[in-house]
Each structure stands twice: as structure tokens, then as C-alpha cells.
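Working notes, structure below.
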Amino acid sequence: MFAAASLTESFNALGKQFEAAHPGVKVSFDYEGSSSLVQKLDNGAKADVFASADEKNMTKAVQGGVIDGQPTVFATNKLAIAVAKGNPKGIKSFSDLTKGGLTVVVCAQQVPCGSATETVEKNTGTTLKPASEETDVKQVLAKVQSGDADAGLVYVTDATSAAGKVDKVDFPESSGAVNKYPIAVVKDAPQAALAKQFSDFVLGAQGKDELTKIGFGPAQ
């Protein structure tokens, strides 16, 4: 299964539940930035399911002829600011990220979390000067956790799943850059029947429950 990095915690849990319901089945995941996963599929990598953190990268996969059938949106997500525990720099808003003396990290523009960041910048007339642009959201989170960055733009779900390691700062402007997460079976999937079952599982009640636990919004 190819899945966006921000789905790590929820999909790991769903994978175990799916295995329990299908004795003998082993579910394994490749978590990366959605743009990297599309590139892998375009280059001929084999996978059963692709779950993207945005519709733009899923559309690229569809146009590339590597998706079987119609993708379905199963969740939504929006940005939050991850900061060190206790928020020692006193970051309270998106505009605070432009203050001098702060080390801020973001996702690269081609990654869904980077595209959402760019949208918020445009909507607010704010220009960030990040110290680095990472290839997926978990790398941004890791830099904040390690102390290499004072703040990082991640998803609400990533900051929630790292509670106790980082603090989460919500900001209202994130509502202007909500990402929709689609899932689809990959063309010529090695386990096409199971791939469809897993996709349906994610779209079903158990999938919704697990995704809601760490802050994913409902499909729109």
C-alpha cells in the first residue's frame, strides 16, 4: 500500500484491524510524500492501493494511467503549527512565523502540506522564509521534535499524534487550505481483490472512527 506520510498512525492501526479480519493477510505500507509516491507509480513500482494527501497528486496518478477506477475522498485535513513543548518561542499565530530569530521548516511545494502552506501564504499575504523544505510532513515534525526547528507547518493530525513531544498551535487561516484525501486501487494491483476490500474498509465505519481519533475531518 502506498500512503501519504500523514496517514502513518491511522493506517498502521487500520492495517492491523484489516489483518485481524483477514487471517493470513499481511498489510505493508510505504509512507512518503504523495508526490514521491506518484513518481514511483509512474516509474512502474507495484502497489495495491494509493492514498494521497490531496486530489492534485491523485489526479496526476489517474492521468498517468496507474489508477484503476474512480478515486474516492475518505477524509480531510488542515494545517497546524508544531512547536517545541511549552511553546518557548511564544508562537500564537501564522504571522508569528515571520518573526526574526525563528527557525521554521515547511514541506516542499510539490508535497500536499507544502502546497497548503503556499495557499495560506497567498491568502494572508504572508511570506515565510523557511530554513528548509522537507519531502514529507513527518520530516518537518521530526525537525521540531529534535530541536532543529522552532516551528514547523504540519497537519493537525501529525501534531495530535505527536502530543507530548510537541505542542500544537491552531490558526484560523488553515481553514482556507483544507486538503481532501482520496484513495484508489492501483492499476494491475498484485492483490486487486484485497486492495478493493482494504479501500472499502478505509471508507467504512471503522476507517472513519480511526481517522477521526487523531483529527482527520470527514470527507467533503
Any [X] side-chain heavy atom under 4.5 Å of [Y] side chain:
X    : Y    : answer
I67  : M58  : yes
I91  : F171 : no
L128 : T117 : yes
D150 : V105 : no
V186 : D188 : no
M1   : S28  : no
T98  : K129 : no
Y181 : N179 : yes

Please report the shortest heavy-atom distance between [X] and [Y], naming the atom on each side.
X    : Y    : result
L14  : F201 : O-CE2, 3.5 Å
E55  : P182 : CA-CG, 4.1 Å
I214 : T160 : O-CB, 3.7 Å
A75  : L211 : CB-CD1, 4.3 Å
Y155 : S6   : CD1-CB, 3.5 Å
D167 : N87  : OD2-N, 3.7 Å

Indicate yes or no for a side-chain donor-acceptor contact from [X] to the backbone of [Y] under 3.5 Å, with no hydrogens or angles considered.
X    : Y    : answer
S174 : D170 : no
S36  : E32  : no
T76  : P218 : yes
T124 : V120 : yes

To the nearest 0.5 Å, what is the distance between [atom1] ([X]) and [atom2] ([Y])?
X    : Y    : atom1 : atom2 : answer
E9   : E210 : CD    : CD    : 10.5 Å
I183 : L7   : CD1   : CG    : 8.5 Å
K89  : L97  : NZ    : CG    : 13.0 Å
D96  : T126 : CG    : OG1   : 10.5 Å
T157 : F216 : OG1   : CZ    : 4.0 Å
D148 : S132 : CG    : OG    : 9.0 Å

Could you tell me whether Q39 atom CD has more than 12 heavy atoms of other residues or ligands within 6.0 Å of it?
-> no
Could you tell me whether K60 atom NZ has more than 12 heavy atoms of other residues or ligands within 6.0 Å of it?
->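 It does: K60 NZ has more than 12 such atoms within range.
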side-chain hydrogen bond (donor to acceptor under 3.5 Å, both in side chains) between E133 and Q109: does it pass, once the steps are laid out?
-> CA-CA 8 Å; E133 295 183 355; Q109 190 269 328; over 6 Å; no
[X] with [Y], same ILVMFWY side-chain cluster at under 4.5 Å:
X    : Y    : result
V111 : L37  : no
L79  : L102 : yes
F94  : V137 : yes
V185 : V73  : no
L203 : F50  : no

Take E134 and V106 through the test side chain to side chain contact (heavy atoms under 4.5 Å, CB included) and record every step on the way to the result.
-> CA-CA 6 Å; E134 305 299 324; V106 301; over 6 Å; no
Hey, is D42 close enough to K40 for a salt bridge, meaning N to O under 4.0 Å?
-> no
salt_bridge(D200, K196) N-O dist < 4.0 Å =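 Salt bridge present between D200 and K196.
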Knowing that exactly one of F18, F74, F2 qualifies, which makes a ring-ring contact (aromatic ring centres under 6.0 Å, His included) with F198?
-> F18
Evaluation steps, side chain to side chain contact (heavy atoms under 4.5 Å, CB included), between V166 and L141 | CA-CA 8 Å; V166 300; L141 189 66; 4.1 Å; yes
Report the C-alpha separation of N12 and Y31 in whole Å, then their side-chain angles, then the decisive distance to 0.1 Å, and conclude whether the side-chain hydrogen bond (donor to acceptor under 3.5 Å, both in side chains) test is met.
-> CA-CA 10 Å; N12 280 349; Y31 296 113; 2.8 Å; yes
Without hydrogens or angle criteria, can the side chains of T72 and Q70 be said to hold a donor-acceptor pair below 3.5 Å?
->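 Absent: no donor and acceptor within the cut-off.
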Side chain to side chain contact (heavy atoms under 4.5 Å, CB included) partner of S35, the single match among N57, D54, T135 |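 Checked N57, D54, T135 against S35; only one passes side chain to side chain contact (heavy atoms under 4.5 Å, CB included): N57.
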Taking it one step at a time, do N77 and V156 satisfy side chain to side chain contact (heavy atoms under 4.5 Å, CB included)?
-> CA-CA 7 Å; N77 211 350; V156 167; 4.2 Å; yes
Just do the side chain to side chain contact (heavy atoms under 4.5 Å, CB included) check on K165 and K85 with the steps written out, would you?
-> CA-CA 6 Å; K165 298 173 184 173; K85 280 184 68 177; 5.6 Å; no
